[in-house]
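Positions are given from 1 along the sequence. Only a predicted model underlies this, so the values are computations on that prediction, with no experimental measurement involved.
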Amino acid sequence: MCGIIGYTGKKNAVDVIFKGLKKLEYRGYDSAGIAVVIGKELQVRRSVGKLCNLESMLKKNPIIANIGIGHTRWATHGKPSEKNAHPHTDPTKTVVVVHNGIIENYSELKAELQKDGQKFESETDTEVIAHLIKKHYKNDLLNAVQKTLDRVRGSYALGIMCKNEPDKIICARQDVPLIIGVGNGENFIASDIPALLPYTREMIFLENGDIAEITSEKVIIKNAENNMINREIKNIQWDTEQAEKNGYKHFMLKEIFEQPHIIENTFRGRIYPDEGRICIEEVDFKEEYVRSISDIYIVACGTSYHSGLVSKFLFESFAKIPTEVDIASEFRYRDIILNEKTLVVVISQSGETADTLAALRLAKSKGCQTLAICNVVGSSMNREAMHVIYTHCGPEIGVASTKAFTGQITVLYILALDWAYKRGTVALGELKKYLKELWEVPLKINGFLQNVKSICDLAKIFAYKKNFLYLGRHVNYPVALEGALKIKEISYIHAEGYAAGEMKHGPIALIDESMPIIAIAVKSKVYEKMISNIEEAKARGGTIIAVASKSDKQIRNKSDYVIYVPETDEFVSPLVTVIPLQLLAYYISVLLGCDVDQPRNLAKSVTVE
Ligand code: AGP
């Protein structure tokens, strides 16, 4: 996620801003920049890569000012480069902008401005905002920003300055956090608390639709209806570490709770359910090519492999494309039969996993088209694959992958539907229905996350068990695998994920009173089969924890414990059923005193074989 910091006061703004950007480094970034107003001129410094590159630029060519804005960029539109780094100005260098979020309609706005003869420097959505504000500027920056935001659709946290109004910063917030830090004779803006803590604990958390005008002495806030409002000034007592976790005890828990937001961030600007429209900026798979795909090979490791297994059902059921999924460390040593009509999809949060990278290179050597589903812009896989689609999860700090899994499934669900529509295997009406199902998921997960006490209670009951069995069918079989992986890697308890239909072929022998069985049995075409498996396991003394649909009235009589999850269409249910399994693993790990964010023997990215 991008980071924003702004300052106005008596200190050297460049110094305050640079230190603030350092505090936001944990959010991940690939470029950075600072803009200040000196006299009646804007000065901008930007660099790709780490902050040390910006620092050496500033040392070589120092600037002193009392007002400025800074930015660390986590690329979504446009590769990491100096030109795409923020801040962005309009061509006359009158207005300068830093932005966190996604402007959904930036392409049409950009085309409109280009038609007026506007020249663009970058590939970003953000630069459009600078051009629009200049277009609307009539010696009233606040008003020009308001007029601009009336045209903009999407999510944003913005910091804006204008050389003609050198004493003020305008900021605005829609769906992306933005905080005002209140000082004594100085004021700040920031994306997150850590950047402000060295200077002030008095903070205002802007709400959606808010726009504010900040000088060193004054903060004026207006709401979406242009009425002046008072937002509460909160006193924040967190230390920096607590602030980086946004108050959560571990990054993993923070990232579990971020999932509604990252799913929304990943589909934002890409799906329009009411129109039945899909638009994935990074790729432009024409209908002719999509119809020519003979088969898909999905290759990944660990959690990414599990999201690939989910997508197999999506590509086959929606797009009717034969789809194989393989573990990268196996794929790369097979005498695999691939042809130029095979599409090889690699899935990787880090984009650096050695086996997956090797599989990608093998696929390319066989003349296949290749697509990478990555979370990290500028990673090896996204440089080497022919096509790339990003999950917009922001950096995943916890070694145990959570939001990357749901972000990957979100991308693959959209892609499978896009290709199904292009291949004529899903009609417009169905497409709208399935897109609406995805659109509603973030709200449903948010609702579920409001009360997770029951899962915490289950963790207390089962934390000292020595084995777990996770069962699922169809799209929730991979979720069973994922649930088992989570508890293994952060609690060090042995667990197996199994296709429930396989029970009779061996694993049922494992079941006795000491074996808890987590059965994913949400309403679906395999629900009755799951109930039979639950009854088989119960009959042999197993303790059943069922993950069930909220409306299910009968499953309580079949199970010892039930975790109810929101109703969804079965194809999108993995986004919901995985959440309680992530939380169960998390709470058990905490109870056992394990190192949740840095489990023993594990690395976040396995860059060696
Ligand atoms: C999942 O919790 C693990 N951290 C691990 O299995 C991970 O998913 C795997 O190493 C793949 O990583 P990648 O997505 O970065 O390629």
### Query
Between the side chains of E437 and T568, is a donor N or O closer than 3.5 angstrom to an acceptor N or O?
no

### Message
In this structure, is the centre-to-centre distance between the rings of F405 and H306 below 6.0 Å?
### Response
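Centroid distance H306-F405: not below 6.0 Å, so no.
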
### Message
Between E489 and K486, does any NZ, NE, NH1 or NH2 come within less than 4.0 Å of an OD or OE carboxylate oxygen?
### Response
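E489 and K486: salt-bridged.
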
### Message
Consider side chain to side chain contact (heavy atoms under 4.5 Å, CB included). Of L132, V128, I129, V152, which one does Y106 pass it with?
### Response
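Only one of L132, V128, I129, V152 forms a side chain to side chain contact (heavy atoms under 4.5 Å, CB included) with Y106, namely V128.
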
### Query
Taking the inter-plane angle between the rings of Y289 and W419 on a 0 to 90° scale, is it parallel (under 30°), tilted (30 to 60°) or perpendicular (over 60°)?
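Ring orientation, 0 to 90° scale: perpendicular.
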
### Task
Evaluate the criterion side chain to side chain contact (heavy atoms under 4.5 Å, CB included) for residue pair I336 and Y297; output intermediate values, then yes/no.
CA-CA 10 Å; I336 197 96; Y297 251 99; 3.5 Å; yes

Taking atom [atom1] of [X] as the centre, report whether more than 12 heavy atoms of other residues, nucleotides or ligands fall under 6.0 Å from it.
X    : atom1 : result
K366 : NZ    : yes
K312 : NZ    : yes
K50  : NZ    : yes
L443 : CG    : no

### Task
Locate the shortest heavy-atom distance separating Q582 from Q259; write the atom from each residue and the value.
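Looks like OE1-NE2, 2.7 Å.
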
### Task
Could you tell me which non-hydrogen atom of S191 sits nearest to which non-hydrogen atom of L178, and how far apart they are?
N-CD1, 4.3 Å

Find out whether [X] and [Y] are in side-chain contact, i.e. whether some heavy atom of one side chain is under 4.5 Å from a heavy atom of the other.
X    : Y    : answer
L417 : L438 : no
I4   : I69  : no
Y413 : F267 : no
I414 : T410 : yes

### Query
Is the NZ or CZ atom of K110 both under 6.0 Å from the centre of the six-membered ring of F120 and within 45° of that ring's axis?
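That pair qualifies as a cation-pi contact.
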
### Query
Is K403 close enough and on-axis enough to F257, meaning under 6.0 Å and within 45°, for cation-pi?
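The answer is no, since K403 fails at least one limit relative to F257.
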
### Residues L412, I347; criterion side chain to side chain contact (heavy atoms under 4.5 Å, CB included); working and verdict
CA-CA 10 Å; L412 292 158; I347 304 172; 3.7 Å; yes

### Message
Before you tell me yes or no, could you show the steps for K115 and E112 under salt bridge (Lys or Arg N to Asp or Glu O under 4.0 Å), namely the whole-Å CA-CA distance, both residues' side-chain angles and the distance that decides it to 0.1 Å?
### Response
CA-CA 5 Å; K115 225 167 116 193; E112 188 185 295; over 6 Å; no

